Amino acid sequence: MGHQNDTFSSDFILLGVFSSSPTSLVFFSFIFVIFIMSVTENTLMILLIRSDSRLHTPMYFLLSHLSFMDILHVSNIVPKMVTNFLSGSRTISLAGCGFQVFLSLTLLGGECLLLAAMSYDRYVAICHPLRYPILMKEYASTLMAGGAWLIGVFNSTVHTAYALQFPFCGSRAIDHFFCEVPAMLKLSCADTTNYERGVYVSAVLFLVIPAFLISASYGQIILTVLQMKSSEARKKSFSTCSFHMIVVVMYYGPFIFTYMRPKSYHTPGQDKFLAIFYTILTPTLNPLIYSFRNKDVLAVMKNMLKSKFLHKKMNRKISECVFYFYV
């Protein structure tokens with residue numbers, strides 16, 4: 001009866017990943033903790049970059065945009081998951097679903113391009129250090145970040161408009177934890193073949209080509225590192241590159257697998273599992289991998305904590321002096 005009623009409603013139902021079992025409660029707690037960690041880490045990263053002039057470089061400028069995208073990304077998905085679980089209501093309006101699709105595609109596409117720009121920044125810094133000030137001027141990094149946002153918005157606008165205009169004649173229950181295009185296409189009673197071809201083309205432009213450029217950049221970086229005389233420098237560079245590539249594989253791999261398969265090959269359980277990687281886990285790992293392992297960021301954090309401690313100590317001393325003066 002529930003599914004029959006869905007047919008006559010303009011709202012969708014997100015079936016989600018949680019049930020009433022104890023295991024789901026543990027998984028819910030894990031997702032919620034990950035969400036808090038992601039927002040905290042990325043907010044701290046933005047504040048550190050903005051507050052210290054030593055981090056006013058192209059690399060950290062791009063990282064600040066990555067952190068902002070990650071905050072928006074998890075905030076677009078997890079709060080709705082939490083609300084649905086706690087309230088027991090799984091409905092989402094057509095407008096709400098459209099907004100989730102639009103923002104999700106904007107951020108996913110923008111982040112794909114931004115990660116490629118960041119790999120180019122590292123390539124120039126390591127392979128062509130003398131040309132770095134010329135190739136990565138302030139306007140270049142601004143153009144990269146702005147381009148990632150604008151192209152992401154344009155691509156998302158087109159796909160959101162097309163995805164929402166399809167008729168949904170049967171059940172409006174989306175077997176996913178957020179409104180994602182592949183899951184929504186399975187509910188449509190119209191022929192979506194041409195649109196799926198468009199999704200495939202976008203996937204090539206936003207996933208395959210950036211992933212290839214990132215791989216090529218890190219390949220050149222590794223070749224340059226192998227020529228270094230210092231074994232310590234080689235070890236450090238290999239460690240950094242390997243962690244970066246792990247994050248790239250975790251992000252692009254599931255994303256490519258989800259968006260470059262025909263609709264008939266999608267299974268709900270598999271799509272949900274893969275989506276967790278590029279929507280929830282990767283935004284949490286990005287600050288840890290790209291920033292908090294960096295000595296410059298750690299130094300800024302140390303100085304900030306030290307200055308706050310001294311400020312509190314000074315305030316306490318002043319308070320004691322005022323107290324003794326009046327006593």
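We're numbering straight along the sequence, starting at 1. Predicted model, so just to flag it, every value in this text is computed and none were measured.
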Original post:
Do the charged groups of Asp175 and Lys272 touch, with an N to O distance under 4.0 Å?
Top reply: yes

Original post:
Counting only N and O atoms by type, is there a donor-acceptor contact under 3.5 Å from the side chain of Tyr251 to the main-chain atoms of Leu108?
Top reply: yes

Subject >> Chi angles and distances behind the ring-ring contact (aromatic ring centres under 6.0 Å, His included) call for His65, Phe61 >> reply: CA-CA 7 Å; His65 280 269; Phe61 175 77; 4.8 Å; yes

Original post:
Hey, is the main chain of Leu15 close enough, under 3.5 Å, to the side chain of His176 for a donor-acceptor pair?
Top reply: no

Original post:
If only atom types and distance count, is the side chain of Asn42 paired as donor or acceptor with the main-chain N or O of Phe68 below 3.5 Å?
Top reply: no

Original post:
Under 3.5 Å, is there a donor-acceptor pair between the side chain of Glu41 and the main chain of Pro287?
Top reply: no

Subject >> Glu180 side chain to Tyr259 side chain, donor-acceptor N/O pair below 3.5 angstrom >> reply: yes

Subject >> Residue of the set Tyr252, Phe255, Phe178 for which ring-ring contact (aromatic ring centres under 6.0 Å, His included) holds with Tyr278 >> reply: Phe255

Original post:
Using a side-chain heavy atom cutoff under 4.5 Å and only I, L, V, M, F, W and Y, what cluster partners does Phe102 have?
Top reply: Val153

Original post:
Given the side-chain rings of Phe12 and Phe168, with only the six-membered ring counted for Trp, is the space between their centroids under 6.0 Å?
Top reply: yes

Original post:
Donor-acceptor pair, Tyr132 side chain versus Asp121 backbone, under 3.5 Å?
Top reply: no

Original post:
Any sub-3.5 Å donor-acceptor pair from Thr160's side-chain atoms to Ser156's backbone N or O?
Top reply: yes

Subject >> Set of residues satisfying side chain to side chain donor-acceptor pair (under 3.5 Å) with respect to Gln270, sequence neighbours excluded >> reply: Arg261

Original post:
In the single-linkage hydrophobic clustering (I, L, V, M, F, W, Y; side-chain heavy atoms under 4.5 Å), do Phe177 and Ile36 co-cluster?
Top reply: yes

**OP:** List the steps, then state whether ring-ring contact (aromatic ring centres under 6.0 Å, His included) holds for Tyr195 with Phe166.
**Re:** CA-CA 10 Å; Tyr195 176 70; Phe166 286 117; 5.6 Å; yes

Original post:
Side chains of Ser202 and His159: is there a donor and an acceptor less than 3.5 Å apart?
Top reply: yes

Subject >> Thr40 backbone acceptor or donor facing Thr43 side chain under 3.5 Å >> reply: no

Subject >> Thr192 side chain to Ser188 backbone, donor-acceptor under 3.5 Å >> reply: no

Subject >> Short side-chain to backbone donor-acceptor contact, Ser217 and Tyr123, under 3.5 Å >> reply: no

